[in-house]
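Notes for the one structure printed next.
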Amino acid sequence: MLDGPRVRFAPSPTGYFHVGSARSALFNWLLARQSSHGVFILRIEDTDADRNREEWVDGIITAMAWLGLDLDEGPFRQSDNRAAHTAATEALLAGGYLYYCDCTGDDIQARKGENKTPGYDGFCRERGLTKSATTALRFATPTDGVTVVHDLIRGDVEFANHTIDDFVVAKSSGAVLYALANVSDDRNDRITHVIRGEEHLPNAPKQMMLWSALNVVLGDDVALPVYAHLPLLVNEQRKKLSKRKDPVATESYRDQGYLADAFVNYLALLGWSPRGDEEVVALSSIIEQFRLEDVSHSPAFFDVKKLNHMNGEYVRAMTCPEFTAACAPWVSPWLTAWRPTDREVPWSQEQFDPALFAKVAALVQERVTTLGEVPAMVAFFFLDEVAMDGASFDKVIGTDPLGQQLLGAALARFGEVPWDANALHAATIELGAALSLNLRKAQAPIRCAVTGSLVGPPLFESLEYLGREKVLERIAAALARCSD
RNA sequence: GGUCCCAUCGUCUAGUGGCCUAGGACAUCACCCUCUCAAGGUGGAGGCACGGGUUCGAAUCCCGUUGGGACUGCCA
């Protein structure tokens with residue numbers, strides 16, 4: 001068998017797919033992809049029945065597929081490996097690495113009193129307790145020596161063994177906990193690189209102890225994995241990104257119309273950077289250049305502004321037909337397999353005209369940063385009645401006699417002018433000139449009357465695509481509104 | 001409190017002892033372009049946390065200080 005890195009992404013389905021998780025998944029995936037024999041595994045760590053939900057499992061799988069993080073093995077379920085976890089626990093117990101403990105949290109707290117040493121005090125170590133409904137299994141950590149974690153990103157990190165408390169390996173219910181379950185699975189999956197968030201760094205020495213102990217009691221000498229603890233993703237307060245307080249759901253970025261390629265590109269820049277000055281780089285180039293050794297040590301702030309810029313660049317880099325097609329979930333969701341879950345289209349299926357949208361798309365492509373912004377920008381093409389912005393109307397038409405005069409003149413002139421953007425452009429210049437208005441001023445009332453807003457896609461192309469009839473209708477309606 | 005991690009423009013970063021008067025990107029400001037809004041172009045402002053060493057020479061190495069963070073669960 002050819003050796004390549006075997007890496008895994010091991011999320012627990014206790015919430016939506018966090019952007020920090022997406023970044024961890026990506027870095028694991030990159031390492032696997034840059035080697036021809038690399039293997040990327042997804043293992044859902046679903047052993048905490050109280051907190052897991054099936055919909056979150058789906059969310060993880062869907063989001064990873066969206067990002068293009070394809071799997072070589074899995075998705076596996078940690079809950080399918082319970083037999084192995086139990087066997088590992090029993091072997092460890094038989095080997096003398098574990099002991100039963102019936103202390104409650106309150107007991108431990110009460111005993112500690114003034115003692116500042118963290119964690120469990122080893123009270124039950126020599127008590128010789130046996131299995132019961134109230135006894136958990138703890139790992140007896142060495143009281144001397146040091147455990148050094150060889151971290152690819154940070155170098156060697158030393159932990160004095162006496163500072164590591166006797167952590168619980170299996171609950172009194174028999175359920176095997178994270179530290180062991182995770183190690184047991186990593187051994188079985190022959191994981192070579194454990195790449196995960198920095199919050200797991202304190203777990204590493206415990207898991208190395210477990211791994212080595214398992215090698216002894218199982219008689220199965222599996223090489224310890226190489227660790228790489230990724231810098232945390234933080235919010236503007238420099239705190240770890242929180243599912244509760246921060247906008248971190250990967251799914252929501254998809255809903256908003258961020259492009260997977262752009263999102264992946266941005267994620268790759270969090271803690272790592274390509275060589276050279278260019279940050280918008282092809283995935284193939286990222287795969288080729290990526291090195292764990294180059295990952296930065298310090299926490300990174302997830303900056304939506306920069307993501308926005310990058311997304312805009314990717315949007316503009318698409319061909320027009322690609323862009324048009326990519327917009328489908330937002331403009332014609334009734335046609336697509338996937339559609340955003342957090343919004344509705346402003347028009348009905350009957351009102352929407354695909355051929356018209358294909359023309360209009362070119363007008364908005366370079367004006368949006370996300371696909372989700374498209375509907376609002378082109379709604380006036382499909383809605384029977386414009387959604388008039390009151391303030392804009394008052395400003396350039398309602399309280400402006402010149403604006404009304406121009407609209408009156410346009411109503412007449414647009415009735416006879418050849419119907420194309422150039423002619424409309426020229427006609428508007430003349431109309432404005434007659435009132436001593438430059439084009440900037442002259443186009444405003446027309447834009448407002450026809451689109452309902454003072455900002456939007458280029459006006460004359462819009463008029464052309466909308467058609468003479470609707471344009472004249474809307475100008476007349478705007479004029480009528482003045483006398484209301 | 002303890003253990004551990006981290007420290008370059010507001011933000012993400014380049015930088016691995018001399019190419020640094022510290023480079024790029026986002027954001028920001030100004031100007032140009034322009035039918036609005038964008039996009040684009042040009043230019044500006046903006047940083048090595050602090051203090052000691054080591055060295056001919058330090059953003060880069062060492063020590064300390066300060067500051068921030070993670071962990072400290074019969075969660076993962």
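Protein chains get the first letters and strands the later ones, always in sequence-line order, with residue 1 at the start of each.
Judged purely by atom type and a 3.5 angstrom limit, A:Arg23 uses its side chain to pair as donor or acceptor with the backbone of A:Leu270. A donor-acceptor pair is defined here as one N or O able to donate and one able to accept, closer than 3.5 Å; such a pair exists between the side chain of A:Glu373 and the backbone of A:Thr369. No donor-acceptor pair closer than 3.5 Å links the side chain of A:Arg77 to the backbone N or O of A:Ile44. Put simply, the side chain of A:Arg127 never gets that close to the backbone of A:Phe123: no donor and acceptor are under 3.5 Å apart.
At a cut-off of 3.5 angstrom, counting only N and O atoms as typed in the model, there is no donor on one side facing an acceptor on the other between the side-chain of A:Arg154 and the base of B:C5. Looking at A:Thr428, its side chain has no donor and acceptor atom pair within 3.5 Å of the base of B:C35. Residue A:Glu279 places a side-chain atom within donor-acceptor reach of the base of B:G24, judged by atom type and a 3.5 Å distance cut-off alone.
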Could you run through nucleotides 62-71 of chain B and give me one letter per nucleotide, 5' to 3': B if any protein heavy atom sits under 4.0 Å from the base, S if only the sugar-phosphate is that close, - if neither?
------SSSS
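Atoms CD (A:Glu313) and C1' (B:G24) sit 13 Å apart, rounded to a whole Å. Between A:Leu267 atom CG and B:U11 atom P the separation is 20 Å, expressed in whole Å. Across the protein-nucleic acid pair, A:Asn422 atom CG and B:C35 atom C1' stand 13 Å apart, rounded to whole Å. Counting to the nearest Å, the P atom of B:A76 and the CZ atom of A:Arg8 are 14 Å from each other. Put simply, OH on A:Tyr178 is 6 Å from C1' on B:A76, counting in whole angstrom units. Between the C1' atom of B:C35 and the CG atom of A:Leu435 lies a distance of 16 Å, rounded to the nearest Å. Between the CZ atom of A:Arg367 and the P atom of B:U34 there is a distance of 15 Å, rounded to whole Å. Residue A:Arg196 contributes atom CZ, which lies 14 Å from atom C1' of B:C5 at whole-angstrom precision.
For A:Phe159, the listed nucleotide lying nearest its side chain is B:C4; candidates were B:C4, B:A27, B:A38. If you check B:A76, B:G10, B:A14 against the side chain of A:Ser12, the one that comes closest is B:A76. Minimum atom distance to the side chain of A:Leu201 is reached by B:C4, of the listed B:C4, B:U36, B:A76. The listed nucleotides are B:C35, B:U3, B:C74; the one nearest the side chain of A:Lys171 is B:C74. Nearest nucleotide to the side chain of A:Asp277, out of B:A76, B:G24, B:U11: B:G24. When distances are taken from the side chain of A:Ala300 to each of B:C6, B:A76, B:U13, the shortest belongs to B:U13. When distances run from any side-chain atom of A:Asp48 to the nucleotides B:C35, B:A7, B:A76, the shortest one goes to B:A76. For A:Glu461, whose side chain is taken as the heavy atoms from C-beta onward, the closest listed nucleotide among B:C74, B:U11, B:C35 is B:C35.
A salt bridge does not link A:Lys239 to A:Asp246: none of the charged nitrogens lies less than 4.0 Å from a carboxylate oxygen. Residues A:Lys359 and A:Glu461 are not paired through a salt bridge, judged by the lack of any N-O separation under 4.0 Å between the basic side chain and the carboxylate. The pair A:Arg8-A:Asp189 fails the salt-bridge criterion, with no side-chain N (NZ, NE, NH1 or NH2) lying under 4.0 Å from an Asp/Glu carboxylate O. A salt bridge does not link A:Lys395 to A:Asp400: none of the charged side-chain nitrogens sits closer than 4.0 Å to a carboxylate oxygen.
The side chain of A:Ser273 places an N or O atom within less than 4.0 Å of a non-bridging phosphate oxygen (OP1 or OP2) of B:A14. Taking only side-chain nitrogens and oxygens, A:Arg440 comes nearer than 4.0 Å to OP1 or OP2 of B:U36. A sub-4.0 Å separation between OP1 or OP2 of B:C74 and a side-chain N or O of A:Arg138 is present. Contact annotation: A:Thr163 does not reach the phosphate of B:C4 (side-chain N/O to OP1 or OP2, under 4.0 Å). An OP1 or OP2 oxygen of B:U13 is reached within less than 4.0 angstrom by a side-chain nitrogen or oxygen of A:Ser296.
Base pairing analysis places B:A22 opposite nothing; no Watson-Crick or G-U wobble pair with both distances below 3.5 Å involves it. Using Watson-Crick or G-U wobble geometry with both donor-acceptor distances under 3.5 Å, B:U16 finds no partner in any strand shown. Using the Watson-Crick or G-U wobble rule with both distances under 3.5 Å, B:A39 pairs with nothing in any strand shown. The nucleotide B:U34 finds no pairing partner, because no Watson-Crick or G-U wobble arrangement with both distances shorter than 3.5 Å includes it. With a cut-off of 3.5 Å on both Watson-Crick or G-U wobble distances, the partner of B:U28 is given as B:G44. When Watson-Crick and G-U wobble pairs are counted only if both distances are under 3.5 Å, B:C71 pairs with B:G2. Pair assignment for B:C50 gives B:G64, based on Watson-Crick or G-U wobble hydrogen-bonding distances that are each under 3.5 Å.
More than 12 heavy atoms of other residues, nucleotides or ligands lie within 6.0 Å of CD in A:Glu293, so this atom counts as buried by the packing criterion.
With both ends at atom P, the span from B:U60 to B:A14 equals 16 Å, rounded to whole Å. Annotation: B:U13 and B:G46 have their C1' atoms spaced 15 Å apart (nearest Å). The separation of B:C32 from B:A38, taken at their P atoms, amounts to 16 Å, rounded to a whole angstrom. Separating the P atom of B:C63 from that of B:C6 is a span of 13 Å, rounded to the nearest Å. Taking the P atom of each, B:G64 and B:C5 are spaced 13 Å apart, rounded to whole Å. Separation of the C1' atoms belonging to B:A45 and B:G10 is 12 Å when rounded to the nearest angstrom. Nucleotides B:U42 and B:A25 are separated by 10 Å at their P atoms, to the nearest Å. A distance of about 15 Å separates the P atoms of B:G68 and B:U11, rounded to the whole Å.
As judged by a 4.0 angstrom heavy-atom cut-off over every strand, A:Gly271 is placed among residues touching the sugar-phosphate backbone only. Counting any heavy atom pair closer than 4.0 Å across all strands shown, A:Leu137 reaches no nucleic acid atom. Nucleic acid contact class of A:Glu45 (heavy atoms, under 4.0 Å, all strands): sugar-phosphate only. Contacts of A:Pro231 with the nucleic acid, taken as non-hydrogen atoms under 4.0 Å apart, are absent. Using a 4.0 Å heavy-atom distance criterion, A:Leu454 is classed as a base contact. No contact: A:Glu236 has no heavy atom under 4.0 Å from any strand. A:Thr369 comes within 4.0 angstrom of no nucleic acid atom, judged by non-hydrogen atoms across all strands.
Toward the 5′ end of RNA chain B lies the nearest nucleotide of A:Ala444, the other residue of the pair A:Val368 and A:Ala444 mapping further downstream. When each of A:Cys101 and A:Asp294 is assigned the nucleotide of RNA chain B with its nearest heavy atom, A:Asp294 is the one assigned upstream, toward the 5' end.
Taking the ring centre of A:Phe414 as origin, the terminal cationic atom of A:Arg468 falls outside the region bounded by 6.0 Å and 45° from the ring axis.
No option in A:Val417, A:Leu437, A:Leu439, A:Leu459 other than A:Leu439 meets the side-chain contact (heavy atoms from CB on, under 4.5 Å) test with A:Thr428.
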Run A:Tyr227 and A:Val157 through side chain to side chain contact (heavy atoms under 4.5 Å, CB included) and show every step you take.
CA-CA 11 Å; A:Tyr227 290 94; A:Val157 182; over 6 Å; no
